[in-house]
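Along the sequence shown, residues carry numbers from 1. It should be emphasised that the depicted structure is a prediction, and the values quoted were computed from it without experimental measurement.
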Amino acid sequence: MQIYNVDFKRMALLLLPTVLRKPIVFAMLKSACKAFDSLQAGLFNFQNRCNVRMNHTPQVCYLKGILNDSFGIQANETRFVIVDSNHITGVWLITYEEGETYTNVIPVVEEYTMVYTESAINEEVEDFVVKYPDGIGIEPDNDKYRQMVALVNQYRLASKTAKYVVQE
């Protein structure tokens with residue numbers, strides 16, 4: 001916004017009375033305005049970050065876009081891919097009753113029926129998988145990996161969890 005774009009050096013010169021317009025006085029005012037210039041730059045930086053945050057939602061296309069933009073990946077290079085993970089969903093066939101030690105679930109699948117144990121159903125499963133390109137320097141437990149995880153955590157929904165794997 002142009003309302004916040006103030007040239008503090010020029011404003012200090014214009015507000016200075018004509019009898020005090022000497023080079024030494026103007027130099028002192030210029031050095032006093034440096035704090036306002038850095039404060040203004042911080043405001044513009046914060047405003048730009050807020051605009052990016054408001055324009056990028058947890059949708060997959062925006063999440064891929066922010067990852068590709070942050071790591072400088074061009075359109076002709078291998079890009080980040082986000083896919084859904086395989087969830088085990090189903091209908092309870094046998095429930096836990098007093099004295100019994102097993103529970104099984106049968107997923108509703110048209111082609112076949114599989115039986116899973118309760119521990120397989122209740123284990124933690126990620127909601128989506130972020131596949132990152134191999135040649136951009138992301139290795140587990142390095143700064144770029146932590147940057148990728150931080151970006152995904154910032155823009156994902158709070159109830160969703162992610163898993164990170166290298167693209168093949």
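A distance of 14.5 Å separates NZ in Lys34 from CG in Leu39, rounded to the nearest 0.5 Å. Taking CZ of Phe80 as the reference point, atom CD of Gln167 lies at 8.5 Å (rounded to 0.5 Å). Residue Leu14 holds its CG atom at 5.0 Å from CZ of Arg10, rounded to the nearest 0.5 Å. The line from CZ of Phe71 to CZ of Arg79 is 13.5 Å long, rounded to the nearest 0.5 Å. Once rounded to the nearest 0.5 Å, the distance linking CZ of Phe128 with OG1 of Thr161 reads 7.5 Å. Going from atom CZ of Arg156 over to atom CG of Leu151 covers 12.5 Å, rounded to the nearest 0.5 Å.
By the criterion of side-chain heavy atoms lying less than 4.5 angstrom apart, applied directly or through intervening Ile, Leu, Val, Met, Phe, Trp or Tyr residues, Val81 is not grouped with Ile73; the two fall into different hydrophobic clusters. Side-chain heavy atoms closer than 4.5 Å link hydrophobic residues (I, L, V, M, F, W, Y) into clusters, and following such links, possibly through other members, connects Val166 to Val149. Residues Phe26 and Leu15 do not share a hydrophobic cluster, clusters being chains of Ile/Leu/Val/Met/Phe/Trp/Tyr side chains in contact below 4.5 Å. Hydrophobic cluster membership is shared by Leu29 and Val19, with clusters built from Ile, Leu, Val, Met, Phe, Trp and Tyr side chains linked at under 4.5 angstrom.
With hydrogens and angles ignored, the 3.5 Å screen pairs no side-chain donor or acceptor of Ser70 with any backbone N or O of Leu67. The closest donor-acceptor contact from the side chain of Asn45 to the backbone of Ala41 lies at 3.5 Å or more, if one exists at all. Checked by atom type and distance alone, the side chain of Lys144 pairs as donor or acceptor with a backbone atom of Ile136 at under 3.5 Å. With Asn142 contributing its side chain and Gly137 its backbone, the two residues share a donor-acceptor pair below 3.5 Å.
The two residues Asn5 and Gln40 make their nearest non-hydrogen contact at CA-NE2, 3.4 Å. Here the shortest heavy-atom pairing between Val152 and Ala162 reads CG1-CB, 4.1 Å. Among all heavy-atom pairs drawn from Leu16 and Leu20, the shortest one is CD2-O, 3.6 Å. Scanning both residues, Arg21 and Leu13, for their nearest heavy atoms gives NH2-O, 3.2 Å.
Side-chain contact between Lys131 and Val129: present, with at least one pair of heavy atoms (C-beta onward) separated by less than 4.5 Å. In this structure the side chain of Glu139 never reaches within 4.5 angstrom of the side chain of Tyr145, judged on heavy atoms. With contacts defined as side-chain heavy-atom distances shorter than 4.5 Å, the pair Lys163/Asp127 does not qualify.
Using a 4.0 Å cut-off between charged side-chain N and carboxylate O, Asp143 and Arg146 make a salt bridge.
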### Task
Go through the steps to decide whether Leu157 and Lys160 satisfy the test side chain to side chain contact (heavy atoms under 4.5 Å, CB included), and finish with yes or no.
CA-CA 6 Å; Leu157 288 175; Lys160 303 294 182 184; 3.8 Å; yes
